[in-house]
Every structure is written in C-alpha cells, then in structure tokens.
Amino acid sequence: MIVLAVVLFLNAAFNVLVWPRFYARVAKDPRARDAAGRATVFLKVHVVLIAIALVLALVSVLVGIAALTGAL
C-alpha cells in the first residue's frame, strides 16, 4: 500500500505543479480571447481540462491518505 500511496502523491504533485502553470500560458495565448475580450472555446475547454486534472489531484491525495491509514 505504501507504493500505491507514493504513486498517488506523485500524481497529485505533478498535477498541482504543472497544470496551473499551463493555465497561465493558455490564458496569455491570443486564441484565449476574442476581439471583444470574451473567453473563447479554446480557453473554456482548457479551463475545464485543468479543473478536472486538479480534482483528480485532490482525489489522488485522498486515496493516498486512505492507503496509508489502511482504509483501503
């Protein structure tokens, strides 16, 4: 179970470190906003993908803790 917990914590750390930085790059991309300054589908889709990745990071942490405490 320790190996499982470590893998889950590494997954969570990767998601938390990488995806917010990726969002900053996507938000600065010229395709992120239209001429009126409104968010485009490009930005909205990436925001959804990043949000899913961060939710998965949270789930990974919770399952990792459960694995360490013997709740699994």
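Note that this is a predicted model, so its numbers are computed, not measured.
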For Leu17, look at atom CG and say whether over 12 heavy atoms of other residues, nucleotides or ligands are found less than 6.0 Å away.
-> yes
Using the rule that two of Ile, Leu, Val, Met, Phe, Trp, Tyr join whenever any of their side-chain heavy atoms come within less than 4.5 Å, decide whether Leu8 and Ile65 are in one cluster.
-> no
So how far is it from Leu56 CG to Asn11 CG, rounded to the nearest 0.5 Å?
-> 7.5 Å
Quick one: CE on Met1 to CG on Leu68, what's the gap to the nearest 0.5 Å?
-> 10.0 Å
Between CG of Asn15 and CZ of Phe22, what distance do you get to the nearest 0.5 Å?
-> 12.5 Å
Smallest separation among heavy atoms of Ala27 and Ala32, with atom names | O-CB, 3.8 Å
Common cluster, Phe9/Val6, ILVMFWY with side-chain heavy-atom separation under 4.5 Å | yes
Interatomic spacing from NE2 in His46 to CH2 in Trp19 - rounded to 0.5 Å = 8.0 Å
Are Leu72 and Val63 close enough that some pair of their side-chain heavy atoms sits under 4.5 Å apart?
-> yes
State the CG-OG distance between Leu4 and Ser60, to the nearest 0.5 angstrom.
-> 9.5 Å
Check: Phe42 and Val47 side chains under 4.5 Å, non-hydrogen atoms | no
Same apolar cluster (I L V M F W Y, side chains within < 4.5 Å links), Val18/Val48 | no
Are Leu54 and Leu43 connected, step by step, through hydrophobic side chains (Ile, Leu, Val, Met, Phe, Trp, Tyr) whose heavy atoms are closer than 4.5 Å?
-> yes
Give a yes-or-no answer on whether the side chains of Asp34 and Thr40 include a donor-acceptor pair shorter than 3.5 Å.
-> no
